Amino acid sequence: MADTISIASWNINSVRARLDIVERFLAEEGPDILCLQETKVVNDTFPAGLFRQYGYNHQMLNGQPMHHGVAIVSRIPIREDDRLDWQANGEARHIGVRLDNGVRLENVYVPAGGEEPDRTINPKFGQKLDFLERMIEWSSALSDKPTILTGDFNIAPLECDVWSHKALINTVSHTPVEIALLARLQASHDWVDLGRHFVPAPERLYTWWSYRARDWSESDRGRRLDHMWVSRSLADKAVSHRVVEPARGWARPSDHVPIITEFAF
DNA sequence: ATGTCGAGGATACCTCGA
């Protein structure tokens, strides 16, 4: 008998500022496992009780003061957490666990990269590129370990992953150099991009809309920054993949919405 | 592109990062 497990990923942009919409998401969608990015909270003040109320008794946290921070909360056992610091700069951008069936789940928050797509004048952009290079090294060494890689990659690779390819070609998140690096990362483990596995190009598929739009829904200037990738051997275990777009319209939203994949292992 | 969030310092707004 197949074991069905749903796994969600959500850049929450401060988990403490989003208690109401987190609760709504848990009540309405109730994934078995939720990967969070940008928790913006140290581990001691993570709102563990709220998640426990909804049965998420397994919690693996990698927080830091003020910025970044990732977490995996789960209703089913998760073990062997590890926290990779790819750039050895102390930033909390990764947490990985192993499920009881042996599958690894890796939750990552790739650096945003600042405004200017030029590492000589914008060190943050260089940091983003270097981070991806380290991820490629890590990914290349995974060999045949069945792995799920999810999170906020901060890159929208395809033309149909942004509202306007022309307008954003020089905007960080959609520049050719970032897209080339993401393609190398994907090739390094033959990762299957479940977003496009279930919603093939050129169909519109976004997971992020800027706070700066007057009406995010009407202008619909979205980008697909959040991803769920799996090892080739896991691709046929994924039975559905959804973007919970209405969450962008909830009160006090994150600028990202959750993605949810259901697996039949 | 425009111009909106959240965190946290030392406030009754500012800077930074996104």
Side-chain angles (χ1 to χ4, degrees), chain A residues 9-25 35-47 50 61-71 85-87 89-94 107-119 121-132 151-157 159 161-178 182 206-227 245-259:
Chain A
S9 174
W10 196 6
N11 179 320
I12 197 64
N13 188 13
S14 172
V15 68
R16 287 175 297 172
R18 309 291 174 217
L19 297 179
D20 289 349
I21 62 168
V22 164
E23 186 163 12
R24 179 167 175 182
F25 178 70
C35 299
L36 294 167
Q37 304 88 37
E38 279 207 89
T39 52
K40 293 188 177 179
V41 65
V42 294
N43 295 347
D44 286 350
T45 42
F46 184 84
L50 173 66
L61 311 178
N62 185 13
Q64 67 173 84
M66 202 155 16
H67 298 305
H68 322 312
V70 289
D85 181 1
W86 279 299
Q87 306 197 105
N89 64 0
E91 292 183 348
R93 295 183 176 277
H94 168 269
N107 176 21
V108 65
Y109 173 49
V110 174
E115 292 283 319
E116 196 62 47
D118 178 348
R119 68 183 308 154
I121 56 174
N122 171 23
K124 287 183 200 308
F125 191 67
Q127 187 210 357
K128 182 179 196 174
L129 304 183
D130 294 345
F131 188 96
L132 290 160
D152 177 4
F153 295 6
N154 265 314
I155 298 174
E159 295 192 13
D161 289 333
V162 294
W163 65 275
S164 168
H165 171 65
K166 256 188 171 171
L168 295 176
I169 186 102
N170 292 317
T171 298
V172 173
S173 75
H174 193 60
T175 64
V177 60
E178 292 169 273
L182 195 68
Y206 308 146
T207 66
W208 175 91
W209 293 260
S210 171
Y211 284 126
R212 297 173 193 179
R214 209 176 306 114
D215 183 330
W216 73 275
S217 177
E218 198 216 81
S219 56
D220 196 29
R221 294 180 168 185
R223 304 179 202 171
R224 186 170 73 106
L225 303 179
D226 302 273
H227 300 269
E245 194 169 323
R248 186 60 180 79
W250 294 350
R252 291 196 76 199
S254 169
D255 44 359
H256 296 253
V257 297
I259 59 177

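In what follows, chains carry the letters A, B, and so on, assigned in the order in which the sequence lines appear, proteins first and then strands, with residues in each chain numbered from 1. The shown structure was predicted, so the numbers you read here are calculated from the model rather than taken from an experiment.
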**Message:** For a quick check under 3.5 Å, do A:Arg223 and A:Ser173 share a side-chain donor-acceptor pair by atom type?
**Reply:** yes
**Message:** Classify A:Trp163 by what it touches in the nucleic acid, base, sugar-phosphate, or nothing, heavy-atom distance under 4.0 Å.
**Reply:** base
**DNA chain B contacts made by residues 166-174 of chain A, counting heavy atoms under 4.0 Å** = A:Thr171
**Asked** C1' atom, B:dG17 versus B:dA12: distance in rounded Å?
**Response** 23 Å
**Prompt:** Who are the side-chain hydrogen bond (donor to acceptor under 3.5 Å, both in side chains) partners of A:Ser14, not counting sequence neighbours?
**Reply:** none
**Prompt:** Using a cut-off of 4.0 Å on non-hydrogen atoms, how would the nucleic acid contact of A:Arg252 be classed: base, sugar-phosphate, or nothing?
**Reply:** sugar-phosphate
**Asked** Can you tell me how far C1' of B:dT2 sits from CH2 of A:Trp209, to the nearest Å?
**Response** 19 Å
**Asked** Between A:Ala213 and A:Thr39, which has a closest nucleotide on DNA chain B that is more 5'?
**Response** A:Ala213
**Request:** For A:Arg224, enumerate each residue passing the salt bridge (Lys or Arg N to Asp or Glu O under 4.0 Å) test, keeping only those at least two apart in sequence or located in another chain.
**Result:** A:Asp161, A:Asp193
**Message:** My understanding is that only residues two or more places apart in sequence, or in another chain, count here; which of them pass ring-ring contact (aromatic ring centres under 6.0 Å, His included) with A:Phe125?
**Reply:** none
**Asked** Quantified in whole Å, what is the P atom distance between nucleotide B:dA10 and nucleotide B:dT15?
**Response** 14 Å
**Prompt:** Residues two or more places apart in sequence or in another chain: which of them pass salt bridge (Lys or Arg N to Asp or Glu O under 4.0 Å) with A:Arg24?
**Reply:** A:Glu28
**Item:** Partner residues of A:Glu245 under the side-chain hydrogen bond (donor to acceptor under 3.5 Å, both in side chains) criterion, sequence neighbours left out
**Value:** A:Arg204
**Fill in**
Scoring nucleotides 8-18 of chain B by protein non-hydrogen atoms under 4.0 Å (B base, S sugar-phosphate only, - none) yields S--------SB
**Prompt:** Rounded to whole angstrom units, what separation is found between the CD atom of A:Glu218 and the C1' atom of B:dT2?
**Reply:** 15 Å
**Message:** Which residues pass the side-chain hydrogen bond (donor to acceptor under 3.5 Å, both in side chains) test with A:Trp216, not counting sequence neighbours?
**Reply:** none
**Message:** According to salt bridge (Lys or Arg N to Asp or Glu O under 4.0 Å), who are the partners of A:Asp130, at least two apart in sequence or on a separate chain?
**Reply:** A:Arg119
